[in-house]
A.B. asks: 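Supplied in structure tokens, the structure appears directly below.
Convention: sequence-line order gives letters A, B, ...; per-chain numbering from 1. Note that the structure is a prediction, hence the values are computed from the model and not measured.
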Amino acid sequence: MDRYNSKVIEPKWQKLWEKNNAFKAEIDQTKPKYYVLEMFPYPSGKIHMGHVRNYAMGDVIARYKKAQGFNVLHPMGWDAFGMPAENAAMEKKIHPRTWTEANIRDMKHQLKPMGLSIDWSRELATCDPTYYKQQQALFIDMYNSGLVKRKSSSVNWDPVDMTVLANEQVVEGKGWRSGAPVERKELTQWFFNISDYSEELLTSLNTLSGWPDKVRTMQTNWIGKSFGAEISFNLLEPLNHFKDVKVYTTRPDTIFGMTFLAIAPNHPIAEELAKINEKIADFCHECTNKTVNEETLETTEKKGFLTKLEVRHPFLSNKKLPVFIANFILMDYGTGAIFGCPGHDQRDFEFAQKYNLDIIHVFVSEQSEKISNDGNEKVVLGEGRVINSDFLDGKTTMEARKLVCDKLKEKGNGSYKINFRLRDWGISRQRYWGCPIPMIHCQKCGLIPEKKENLPVLLPEDIDFENPGNPLERHKSWSTVQCPSCNEEAKRETDTMDTFVDSSWYFLRFTSPNEDKPLSQEALNYWMNVDQYIGGVEHAILHLLYSRFFSRALVKTGHIPEKFKEPFDALFTQGMVCHETYRDSNGNWLSPEEVFHEKNGNIRKLSDNSLIEKGPSTKMSKSKRNVVDPKDIIEQYGADTARWFVLSDSPPDRDIEWTEAGVEAAWRHIQRVWRLTKEIIEEGAAASNTNEDEKLEKLRNQAIEKVSKGIETFSFNKSIANLYEFTNSITKSKASKILKIKSVETLAKLMKPMTPHLAEEILQMTSEQLDYEPDTNWPVADPKYLKEDLLILPIQINGKRKAEIKIDSSASEDIIKSETLNNETVKKYLGNNQPKRLIIVPKRIINIVV
RNA sequence: GCGGGCGUGAUGGAACUGGUAGACAUACCAGACUUAAAAUCUGGAGGCCUAAUGGCCGUGGGGGUUCGAGUCCCCCCGCCCGCACCA
């Protein structure tokens, strides 16, 4: 018996699809559209299993919707700007463009054999001038609409390489390449005013019902709206022009528990003090010389510096409070200063213990009443009833918050304040390989946007990475230009844009990728929104939040209609692809090809037979060498097998464990379906058996229902389990040949989104048998086969399953009751007693309490 | 540190809104076919006790709500993701 030969069959269908332009998406007003999009990849040069999983999922949706009659848009492109190209340029002396373009070619070659239903005519790369030209036009419009600003912010500075470092390039406080201690440097940079949209981005999350709750929660917390108070504390003795310190707090109700005040090391007052006190200067320098990264800040030891300044408590005129400069206060959040209440804040508590400050409790909560009785050494969190607080005593903490704010307002040294954690989006990058910011600095005219007719501002090709610093900054003939306004010599902006800008509108551009303006209204109106967006959770906040902001910016600049301000109707976040890790006795990581598994569970190294230690399964990564190359898998087993496997074993939103055994199971199933089809076609016509036919027909319809539901709910693993079951059913069925062929045909149609090549091949075979053109429409279940006439109801006695009864689904409760009480097992348990309670959950279960 | 998520047999997982825990698949065991192996097919199987019928235990750990908890609530443990210049 011959086998399903993926090497022959898969290319055959792929060629046919290509010849027929099967996946070309064109506007067709007579059909409903469906836009499915997977997050476009960074062209690293190699497709990895994560991509395969991502695109396999997207393809299931695309092919499913297409079979249902939708006009499907399923495009692909490249997130092609970014640091790795510059790193390659430095390490391998290849131009970033050469490197990137070669990678795109390679990855496309690796992607093609997967047989994805992608409209390649819409392919785009963000590093292509035709793309970034339009992005520059958008930037200029945003600039003119007041969505862009410049302000100072700090960066990680490598003093040896004379370059700005990304957070990931800072390893233990040192530059990854130079090893020099990283400094913090203030630069004037470009920002998008995303914080103007904090409220809007927050409230609109409610409209995103197609998004996972977890992503909406994460964005909510990231935006971080809080209700609190801004309080000014008067300095006992003014410091130059500084007369008070403004503090933002969400807990004004704990004001009487305040025992110190702390300001950020880069707070203006701290900077003022640093000018006159060397020790303070040193301390501030030490604090601010860390990475500009919140995680480092939060996990480093809390330190403070006691200044000579003191502030007055707003309600206790003779209470003086010390002012600290503390390394855990963020200048970017609130006012860059806090009041410390060690009795009710964990961080303040630790700080107070370290510096021997008073700990005053000003409220008790029901659960923690005893804490306040036994010596005041604990932090009481949450809400409660106020104590030790003058006019607030006896109030709830909620009431106290309002009272304090009212009183402060009356006294003129405070007010209610709503605060957001979300900061403006810094888009400046001091790098070559990004979209140039189309702005010109003119001595006379100031900042001027480049004229639109001069776009794109092309990246110069003749650059070198031999010298430290930014190649654009060094490239004088490129950066020297005429001012568009006064024609005097001026300087081009040398910052390029954050790559998140590129990815904030590519999904819009896909609707009209070749237009010589940013977007086409006709195409937008037909194709938008993205009906289903699929990508990793790691993008839950930044990419998705920036895209939501960018859409609003494009509404404001008139590029897209208001109705597309939330561009992604539904979002799905898929899990990672993991593999076990292996280490030899020297602690070196080994790749899966370098080891073999023995039957007894031992793992040995192929080269010298030495015993290998199995590590935990982690995300496939180069550094741990636990990568399986999709290319090898597709060559060995075929695309259908690879696709089937990545969809089969785990729920799509969870991590999947790549196993050799799993792939083989997938391969066996492909072979089995193929063989089954052949066998059915070749078998003689059996005498018809109505009963058997009816049974199979019922299973066929149930399979349609279950598999469709699985796809609709992104439970591909369940659809696949149902397809295994249906395959088993057909194999065992004694139904007539014609019905078995019909069943195999349905099986192929249901499998087609996952294994399109196999499905096409089978449909061709079955249609020859049934003597009609292959029909690839999605099958529809007949509802009459979906209801069960006879139910098996389990009977529990005291919550434990003891028996079951078979009963007609239309049976009344009385009948169920009498049947239950007549059951032998039930009688045995009841004896002569009456049941205490009899609970009948319709169509589910019966529980008897005895 | 903060924010989000996950935890079920030997393994990946299933169990719709609180209602038969372990579908489906893998590994394993037995049988058929074979000179043999592979492939394929058939069957078995959560753990413990029992000859069997049956009983007890069991969804990371501890407690709670309920007639009934993998699912809801509280506390704890472990792992993963994000933390604003990786993409």
Side-chain angles (χ1 to χ4, degrees), chain A residues 1 39-42 44 79 81-84 155-156 164-170 189 194 212-215 217-222 224 292-300 302 328 332 346-347 421-431 498-500 502-503 536-543 545-546 573 575-576 578 599 601 616 618-619 648-651 653-657 659-662 664-666 668-669 671-672 675 709 713 715 717-718 720-725 728 731 792-802 804 836-839 841 843-849:
Chain A
M1 164 101 23
M39 290 180 183
F40 68 164
Y42 179 80
S44 61
D79 190 10
F81 275 135
M83 284 200 318
V155 294
N156 302 312
V164 176
L165 298 177
N167 287 334
E168 69 155 12
Q169 295 176 313
V170 180
Q189 306 206 67
I194 189 171
D213 287 341
K214 63 174 174 187
V215 175
T217 310
M218 281 191 259
Q219 292 212 354
T220 301
N221 292 331
W222 186 262
V292 288
N293 143 350
E294 193 175 312
E295 189 188 354
T296 321
L297 196 79
E298 294 275 345
T299 48
T300 43
K302 314 269 173 291
F328 60 91
D332 288 320
Q346 188 65 38
R347 212 162 47 170
R421 205 184 75 100
L422 181 65
R423 305 200 295 258
D424 277 323
W425 175 11
I427 60 151
S428 275
R429 297 292 180 271
Q430 292 70 38
R431 296 187 211 290
D498 177 9
T499 54
F500 276 126
D502 312 340
S503 55
V537 244
E538 63 272 24
H539 296 290
I541 295 172
L542 295 180
H543 163 59
L545 190 63
Y546 290 154
T573 55
M576 302 177 301
C578 299
K599 280 234 167 179
T618 60
K619 178 180 178 175
S648 67
D649 253 21
S650 287
D653 57 347
R654 240 195 268 177
D655 293 351
I656 187 171
E657 168 83 14
T659 60
E660 194 66 17
E664 271 166 18
R668 276 204 299 272
H669 183 254
Q671 295 299 335
R672 197 176 152 210
R675 225 172 26 239
K709 199 176 161 211
T713 57
S715 313
N717 58 323
K718 284 189 242 165
I720 284 181
N722 293 325
L723 287 164
Y724 274 120
E725 270 179 329
N728 290 340
T731 309
I792 299 169
L793 284 184
I795 301 173
Q796 291 184 333
I797 294 172
N798 291 334
K800 295 204 171 189
R801 185 184 172 281
K802 296 292 178 189
E804 61 185 34
K836 240 191 217 160
R837 245 180 111 175
L838 180 70
I839 298 147
V841 184
K843 302 194 176 188
R844 284 276 176 200
I845 205 164
I846 300 154
N847 193 12
I848 306 170
V849 186

A.B. asks: Only counting residues at least two apart or in another chain, list the ones meeting salt bridge (Lys or Arg N to Asp or Glu O under 4.0 Å) with A/Arg431.
C.D. replies: none
A.B. asks: Does B/rG12 adopt a syn or an anti glycosidic conformation, taking syn as a chi angle within 90° of 0?
C.D. replies: anti
A.B. asks: Is the phosphate of B/rC24 approached by A/Asn728 (side-chain N or O, under 4.0 Å from OP1 or OP2)?
C.D. replies: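 It does not, given that no N or O in the side chain of A/Asn728 lies less than 4.0 Å from OP1 or OP2 of B/rC24.
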A.B. asks: For the pair A/Phe500 and A/His543, name the ring-plane relationship: parallel under 30°, tilted 30 to 60°, perpendicular over 60°.
C.D. replies: parallel
A.B. asks: For the side chain of A/Lys802, counting heavy atoms from C-beta on, which of B/rU20, B/rC56, B/rA15 is nearest?
C.D. replies: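 Closest nucleotide among those given: B/rC56.
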A.B. asks: For B/rG58 versus B/rG9, give the span between their C1' atoms, rounded off to a whole number of Å.
C.D. replies: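 Roughly 10 Å separates the two C1' atoms.
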A.B. asks: So what's B/rA51 paired with, Watson-Crick or G-U wobble, going by both distances under 3.5 Å?
C.D. replies: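 Across any shown strand, B/rA51 pairs with none.
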A.B. asks: A/Glu664 CD to B/rC28 P: how many Å, rounded?
C.D. replies: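 Taking atom P of B/rC28 as the reference, CD of A/Glu664 is at 11 Å.
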A.B. asks: Pick base, sugar-phosphate or nothing for A/Lys718, based on heavy-atom distances below 4.0 Å to the nucleic acid.
C.D. replies: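 It contacts sugar-phosphate atoms only.
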A.B. asks: A/Asp502: which residues meet the side chain to side chain donor-acceptor pair (under 3.5 Å) condition with it, sequence neighbours left out?
C.D. replies: A/Gln135
A.B. asks: Which part of the nucleic acid, if any, lies within contact of A/Lys836, taking any heavy atom under 4.0 Å across all strands shown: a base, the sugar-phosphate backbone alone, or nothing?
C.D. replies: nothing
A.B. asks: Using purine N1 to pyrimidine N3 plus N6-O4 or O6-N4 for Watson-Crick, or N1-O2 and O6-N3 for G-U wobble, each under 3.5 Å, what pairs with B/rC24?
C.D. replies: B/rG12
A.B. asks: Would you mind reading off the distance between A/Asp649 atom CG and B/rA27 atom P, rounded to a whole angstrom?
C.D. replies: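 Taking atom P of B/rA27 as the reference, CG of A/Asp649 is at 11 Å.
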A.B. asks: Check side-chain contact (heavy atoms from CB on, under 4.5 Å) between A/Thr300 and all other residues, then give those that pass, not counting sequence neighbours.
C.D. replies: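 side-chain contact (heavy atoms from CB on, under 4.5 Å) list for A/Thr300, sorted by chain: A/Lys290, A/Thr296.
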A.B. asks: Rounding to an integer number of angstrom, what distance separates B/rG12 and B/rU17 when you compare their C1' atoms?
C.D. replies: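 So the two C1' atoms sit 26 Å from each other.
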A.B. asks: Whole Å only: how far is the CG atom of A/Asn717 from the C1' atom of B/rA14?
C.D. replies: 8 Å
A.B. asks: Flag the pair A/Glu725 and A/Lys718 as a salt bridge only when some basic side-chain nitrogen lies within less than 4.0 angstrom of an acidic carboxylate oxygen.
C.D. replies: no
A.B. asks: Tell me, please, which residues at least two apart from A/Phe40 pass ring-ring contact (aromatic ring centres under 6.0 Å, His included).
C.D. replies: A/Tyr506
A.B. asks: Verify, without hydrogens or angle tests, whether A/Asn156 (side chain) and A/Val164 (backbone) share a donor-acceptor contact under 3.5 angstrom.
C.D. replies: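 Such a contact is absent between A/Asn156 side chain and A/Val164 backbone.
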A.B. asks: List the steps and the verdict of side-chain contact (heavy atoms from CB on, under 4.5 Å) for A/Ile846 and A/Val841.
C.D. replies: CA-CA 6 Å; A/Ile846 300 154; A/Val841 184; over 6 Å; no
A.B. asks: Can you tell me, in whole Å, how much space there is between the C1' of B/rU50 and that of B/rG70?
C.D. replies: 29 Å
A.B. asks: Applying salt bridge (Lys or Arg N to Asp or Glu O under 4.0 Å), can you list everything that pairs with A/Arg654, at least two apart in sequence or on another chain?
C.D. replies: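 For A/Arg654 there are no salt bridge (Lys or Arg N to Asp or Glu O under 4.0 Å) partners, ignoring immediate neighbours.
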A.B. asks: Just checking A/Lys709: does its NZ atom have more than 12 heavy atoms from other residues, nucleotides or ligands closer to it than 6.0 angstrom?
C.D. replies: no
A.B. asks: Any side-chain to backbone donor/acceptor pair from A/Asn847 onto A/Ile839? Under 3.5 Å, distance only.
C.D. replies: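 A pair under 3.5 Å: no.
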A.B. asks: What one-letter contact string describes nucleotides 82-87 of chain B from 5' to 3', where B marks a base within less than 4.0 Å of any protein heavy atom, S marks contact via sugar-phosphate atoms alone, and - marks no contact?
C.D. replies: SBBBSB
A.B. asks: Looking at B/rG13, B/rG19, B/rG1, which one has an atom nearest to any side-chain atom of A/Pro651?
C.D. replies: B/rG13
A.B. asks: Report, one pair per line, the protein and nucleotides 5-10 of chain B atoms (nitrogen or oxygen only) whose separation is under 3.5 Å.
C.D. replies:
unit_1: B/rG7; atom_1: OP1; unit_2: A/Arg654; atom_2: NH2; d: 3.3

A.B. asks: Take atom P in B/rA45 and the same atom in B/rA52, then report the distance between them in whole Å.
C.D. replies: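 My reading of the P atoms in B/rA45 and B/rA52 gives 14 Å.
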A.B. asks: Partners of A/Arg801 by salt bridge (Lys or Arg N to Asp or Glu O under 4.0 Å), sequence neighbours excluded?
C.D. replies: A/Glu804
A.B. asks: Polar-atom pairs under 3.5 Å, protein N or O versus N or O of nucleotides 66-76 of chain B: list them with distances, or write none.
C.D. replies:
unit_1: B/rC67; atom_1: OP1; unit_2: A/Arg837; atom_2: NH1; d: 3.3
unit_1: B/rC67; atom_1: O2'; unit_2: A/Asn847; atom_2: ND2; d: 3.4
unit_1: B/rC67; atom_1: O2; unit_2: A/Asn847; atom_2: ND2; d: 2.4

A.B. asks: Using atom C1' of each nucleotide, how far apart are B/rU42 and B/rC57 to the nearest Å?
C.D. replies: 33 Å
A.B. asks: In whole angstrom, give me the gap between the C1' atoms of B/rG13 and B/rA21.
C.D. replies: 13 Å
A.B. asks: Students often get this wrong, so: under 4.0 angstrom with heavy atoms, is A/Thr299 touching a base, only sugar-phosphate, or nothing?
C.D. replies: base
A.B. asks: Return the value, rounded to whole Å, for the distance between atom CD of A/Glu804 and atom P of B/rA21.
C.D. replies: 11 Å
A.B. asks: Could you state the CD1-C1' distance from A/Ile792 to B/rG19, rounded to the nearest angstrom?
C.D. replies: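 That distance rounds to 16 Å.
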A.B. asks: Figure out the NZ/C1' separation between A/Lys800 and B/rA21, and round it to whole Å.
C.D. replies: 13 Å
A.B. asks: Pick the closest RNA chain B nucleotide for A/Asn221 and for A/Ala665 by heavy atoms, then say which residue is nearer the 5' end.
C.D. replies: A/Asn221
A.B. asks: Tell me the interatomic distance from A/Glu725, atom CD, to B/rA25, atom C1', rounded to whole angstroms.
C.D. replies: 11 Å
A.B. asks: Should B/rG82 form a Watson-Crick or G-U wobble pair with both distances under 3.5 Å, which nucleotide is its partner?
C.D. replies: B/rC2
A.B. asks: Tell me what A/Ala540 touches on the nucleic acid: a base, only sugar-phosphate, or nothing, going by heavy atoms under 4.0 Å.
C.D. replies: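 Nothing: the residue A/Ala540, judged by heavy atoms under 4.0 Å, touches no strand.
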A.B. asks: Collect all protein-nucleotide pairs involving nucleotides 39-49 of chain B in which both atoms are nitrogen or oxygen and the distance is under 3.5 Å.
C.D. replies:
unit_1: B/rU40; atom_1: O3'; unit_2: A/Arg675; atom_2: NH2; d: 3.3

A.B. asks: Using atom P in both nucleotides, what's the gap between B/rC49 and B/rC33 to the nearest angstrom?
C.D. replies: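 To the nearest whole Å, 35 Å.
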A.B. asks: Look through every strand shown and name the nucleotide pairing with B/rU35 as Watson-Crick or G-U wobble, where both distances are under 3.5 Å.
C.D. replies: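 Check on B/rU35: unpaired, no WC or wobble geometry under 3.5 Å.
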A.B. asks: Looking at every strand, decide which applies to A/Asp332 at a 4.0 Å heavy-atom threshold: base, sugar-phosphate, or nothing.
C.D. replies: nothing
A.B. asks: Does A/Ser503 have any side chain to side chain donor-acceptor pair (under 3.5 Å) partners at least two apart in sequence or in another chain, and if so, which?
C.D. replies: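 Counting only residues at least two positions away or on another chain, A/Ser503 forms no side chain to side chain donor-acceptor pair (under 3.5 Å).
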A.B. asks: With rounding to whole Å, what would you report as the distance between B/rC72 and B/rG19 at their C1' atoms?
C.D. replies: 14 Å
A.B. asks: Which base, if any, makes a Watson-Crick or G-U wobble pair with B/rU42, both distances under 3.5 Å?
C.D. replies: B/rA30
A.B. asks: Just by modelled atom types, is the A/Thr573 backbone N or O under 3.5 Å from a matching donor or acceptor in the A/Asp653 side chain?
C.D. replies: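 Between the backbone of A/Thr573 and the side chain of A/Asp653 there is no qualifying donor-acceptor contact (under 3.5 Å).
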A.B. asks: Output all residues satisfying ring-ring contact (aromatic ring centres under 6.0 Å, His included) with A/Trp222, sequence neighbours left out; order by chain, then residue number.
C.D. replies: none
A.B. asks: Give a yes or no on whether the backbone of A/Ala540 and the side-chain of A/Gln219 come within a donor-acceptor separation of less than 3.5 Å.
C.D. replies: yes
A.B. asks: Determine yes or no for a side-chain-to-main-chain donor-acceptor pair under 3.5 angstrom, with A/Glu298 supplying the side chain and A/Glu295 the backbone.
C.D. replies: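 No.
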A.B. asks: With a 3.5 Å limit on both atom pairs, tell me what B/rU65 is paired to, counting Watson-Crick and G-U wobble, or say none.
C.D. replies: none
A.B. asks: Just the rounded figure in Å: distance from C1' of B/rC2 to NZ of A/Lys302.
C.D. replies: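 Distance, rounded to whole Å: 10 Å.
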